[in-house]
A.B. asks: 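Take a look at the following structure, please.
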There are 2 protein chains.
Amino acid sequence: MDRRQEIMEAAAKSFSLFGYKATTMDQVAKIANVGKGTIYTFFANKEELFNAIALKMIVEMRAASDAVAVEGASFEQNAHARLMQMLKFRGTHQLYAKLIDEEKELRTPAVIEVLAQIESEIVSYVKAKIERAIAKGELKPCDSELVAFLLFKSYLALVVDWGKNHDEELSEERILGLLSGTIFNCLLA
Amino acid sequence: MDRRQEIMEAAAKSFSLFGYKATTMDQVAKIANVGKGTIYTFFANKEELFNAIALKMIVEMRAASDAVAVEGASFEQNAHARLMQMLKFRGTHQLYAKLIDEEKELRTPAVIEVLAQIESEIVSYVKAKIERAIAKGELKPCDSELVAFLLFKSYLALVVDWGKNHDEELSEERILGLLSGTIFNCLLA
DNA sequence: CCATGACCAAAATACAATATCAGTCATTCG
DNA sequence: CGAATGACTGATATTGTATTTTGGTCATGG
């Protein structure tokens, strides 16, 4: 059986359960049923193994995002569905949730880096979607990088930050209602 | 001379220079030229002294914000000028900058609390301005709390967060250009 | 020839001794 | 007499050190 695959799965399991800092290479080796040295024939070090896992998660997120997009639906509908889906990963996906926790509690540099990477990935993903919509004539030309950034940060604030200072989280309808009436509306061609 | 005033000034100076955690009550007493016990006749404890200082800073921020608002100018112009002004405080105002640093580095609970309080103050300030503009018929009715929150978070993201992942900060014109074309535009009556 | 786990230096942790600090209160001073 | 004071105290933080853990290597054996 594919040793590289086994190691990846073992690492993903351990990172999800204990976080980056608290999983040891010995532990990964044990779970994967390989000698520790074997890991280093596939991954240069712990951080590269971690990056490989993170990359796999990004691919999963993109797939989950694609799964909620509807061919032919408006930019607004799809962008909303996609961003909500990706933001839901924060609470849903065990590894993602664990990493967010570790970033807050331990400040592990490798974790901070990976999470920043994921966010930047999302923004450039949104940016690509905006550019496609502009090309199609659905949206009017704009600074796509900046708009993607603003859109992502807005969703992040509404979905994540709002709950920190208010007792009840914002409903998806209320979020869509607000952004539909403000940002989305103004982007239309 | 007013002992309470002297203590406040001494504390403000020390908090600005060394942060909350690193300033001792002995130090404040020394700077204020009073015995340590005297501080406790005016303030119940270190945290209440800190809160008093924070309150003073909020008043200062409000004044600075009012100073850049122009009577008779549009909501967009004044809201932009006010929010930019308040956000500039983060780098400008010695105490504010120190506290932001301390929140990031030390995670001091009292500091986290105060900074959250300040942000919530700004949001409710913006909210009041929105409601006034609606009453005047300049803006169309909307969920003022939510819009104020979104507006503040958008500015925060553009002014503060953008710089973290990109080499050059966003110019004020670019920020205004983006938000004028999106959020502000859609709020108009 | 590749997988392995004993091995190593470096980093983290645990712990104890020491120092610092917020807050009190008996005393002092005006 | 009442407000100001600073020595005092228990709790918390810091420092220094002994011990353990861990990422990464490499000589060995299957």
Side-chain angles (χ1 to χ4, degrees), chain A residues 1-54 98-99 101-114, chain B residues 1-54 98-99 101-114:
Chain A
M1 192 171 179
D2 187 1
R3 305 175 92 74
R4 191 189 151 92
Q5 183 67 19
E6 301 233 54
I7 292 167
M8 290 264 291
E9 268 166 36
K13 193 177 294 182
S14 186
F15 287 144
S16 297
L17 240 39
F18 310 113
Y20 175 74
K21 201 189 163 196
T23 86
T24 69
M25 295 302 262
D26 283 292
Q27 197 171 50
V28 172
K30 181 88 78 96
I31 298 176
N33 269 103
V34 297
K36 181 159 66 151
T38 307
I39 298 176
Y40 289 89
T41 67
F42 295 104
F43 304 95
N45 52 44
K46 189 182 180 185
E47 196 163 339
E48 276 211 14
L49 171 58
F50 183 45
N51 288 337
I53 304 283
K98 193 77 198 175
L99 294 181
D101 190 61
E102 187 168 349
E103 178 182 46
K104 209 177 61 184
E105 299 301 328
L106 286 319
R107 288 278 166 82
T108 321
V111 172
I112 293 174
E113 229 167 70
V114 156
Chain B
M1 193 170 177
D2 187 1
R3 304 176 91 72
R4 192 190 149 92
Q5 183 67 20
E6 301 233 54
I7 291 166
M8 289 265 292
E9 269 167 33
K13 193 176 296 182
S14 187
F15 286 144
S16 298
L17 240 39
F18 310 111
Y20 175 73
K21 200 190 164 197
T23 86
T24 69
M25 294 301 263
D26 283 291
Q27 196 172 52
V28 173
K30 181 90 76 97
I31 298 175
N33 269 103
V34 297
K36 182 160 65 154
T38 308
I39 298 176
Y40 289 89
T41 67
F42 296 103
F43 303 95
N45 51 43
K46 190 183 178 184
E47 195 163 341
E48 277 211 11
L49 171 58
F50 183 44
N51 288 337
I53 304 285
K98 193 79 199 173
L99 294 181
D101 190 61
E102 187 169 348
E103 178 183 48
K104 208 177 60 182
E105 299 301 327
L106 287 318
R107 288 276 161 82
T108 323
V111 172
I112 293 174
E113 227 167 71
V114 156

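Order of the sequence lines sets the chain letters (A, B, ...), proteins ahead of strands, with each chain counted from 1. On a predicted model such as this, the values are computed, not experimentally measured, just so you know.
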A.B. asks: Looking at A/Thr108, is its backbone amide N or carbonyl O close enough to the side chain of A/Glu102 to form a donor-acceptor pair, meaning the two atoms are under 3.5 Å apart?
C.D. replies: no
A.B. asks: For B/Lys36 and C/dT28, what is the distance between atoms NZ and C1' respectively, to the nearest whole Å?
C.D. replies: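 Distance, rounded to whole Å: 18 Å.
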A.B. asks: Is there a donor-acceptor pair closer than 3.5 Å between any side-chain N or O of B/Ser14 and the backbone N or O of B/Ala11?
C.D. replies: no
A.B. asks: Taking only side-chain N and O atoms of B/Thr38, does any of them lie within less than 4.0 angstrom of OP1 or OP2 on D/dT5?
C.D. replies: yes
A.B. asks: Without decimals, in angstroms, what is the distance between A/Phe42 CZ and C/dC2 P?
C.D. replies: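 So the CZ-P distance, A/Phe42 to C/dC2, works out to 11 Å.
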A.B. asks: Find the distance B/Asp2:CG to D/dA4:P and express it as a whole number of Å.
C.D. replies: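 Rounding to the nearest Å, CG of B/Asp2 and P of D/dA4 are 11 Å apart.
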A.B. asks: Given C/dT4, C/dT24, D/dG24, identify the nucleotide with an atom nearest to the side chain of A/Met25.
C.D. replies: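 Comparing C/dT4, C/dT24, D/dG24 against the side chain of A/Met25, the answer is D/dG24.
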A.B. asks: Taking CZ from A/Phe43 and P from D/dT25, how many angstroms apart are they, rounded to a whole number?
C.D. replies: 15 Å
A.B. asks: Would you please confirm or rule out a distance under 4.0 Å between OP1 or OP2 of C/dT20 and any side-chain N or O of B/Lys21?
C.D. replies: no
A.B. asks: Nearest nucleotide by nearest heavy atom, which residue falls closer to the 5' end of DNA chain C, A/Asp26 or A/Val34?
C.D. replies: A/Val34
A.B. asks: With a 3.5 Å cut-off and just heavy-atom distances, do the side chain of A/Lys46 and the base of D/dG24 make a donor-acceptor pair?
C.D. replies: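 Looking at the base of D/dG24, it does not pair with any donor or acceptor on the side chain of A/Lys46 (distance under 3.5 Å).
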A.B. asks: Taking OH from B/Tyr40 and P from D/dG6, how many angstroms apart are they, rounded to a whole number?
C.D. replies: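 Computing the B/Tyr40:OH to D/dG6:P distance gives 15 Å.
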A.B. asks: Where is the tightest heavy-atom contact between B/Met8 and B/Ala52, given as atom of each residue plus distance?
C.D. replies: SD-CB, 3.8 Å
A.B. asks: Would you kindly check if the NZ (Lys) or CZ (Arg) of B/Lys46 is within the cone defined by 45 degrees around the ring axis of B/Tyr20 and under 6.0 Å from the six-membered ring centre?
C.D. replies: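 Judged by the rule (NZ or CZ under 6.0 Å from the ring centre, within 45° of its axis), B/Lys46 counts as positioned above B/Tyr20.
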A.B. asks: Please state whether the phosphate of D/dT5, meaning OP1 or OP2, lies under 4.0 angstrom from any side-chain nitrogen or oxygen of B/Arg3.
C.D. replies: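 For B/Arg3, the contact criterion (side-chain N or O under 4.0 Å from OP1 or OP2 of D/dT5) is met.
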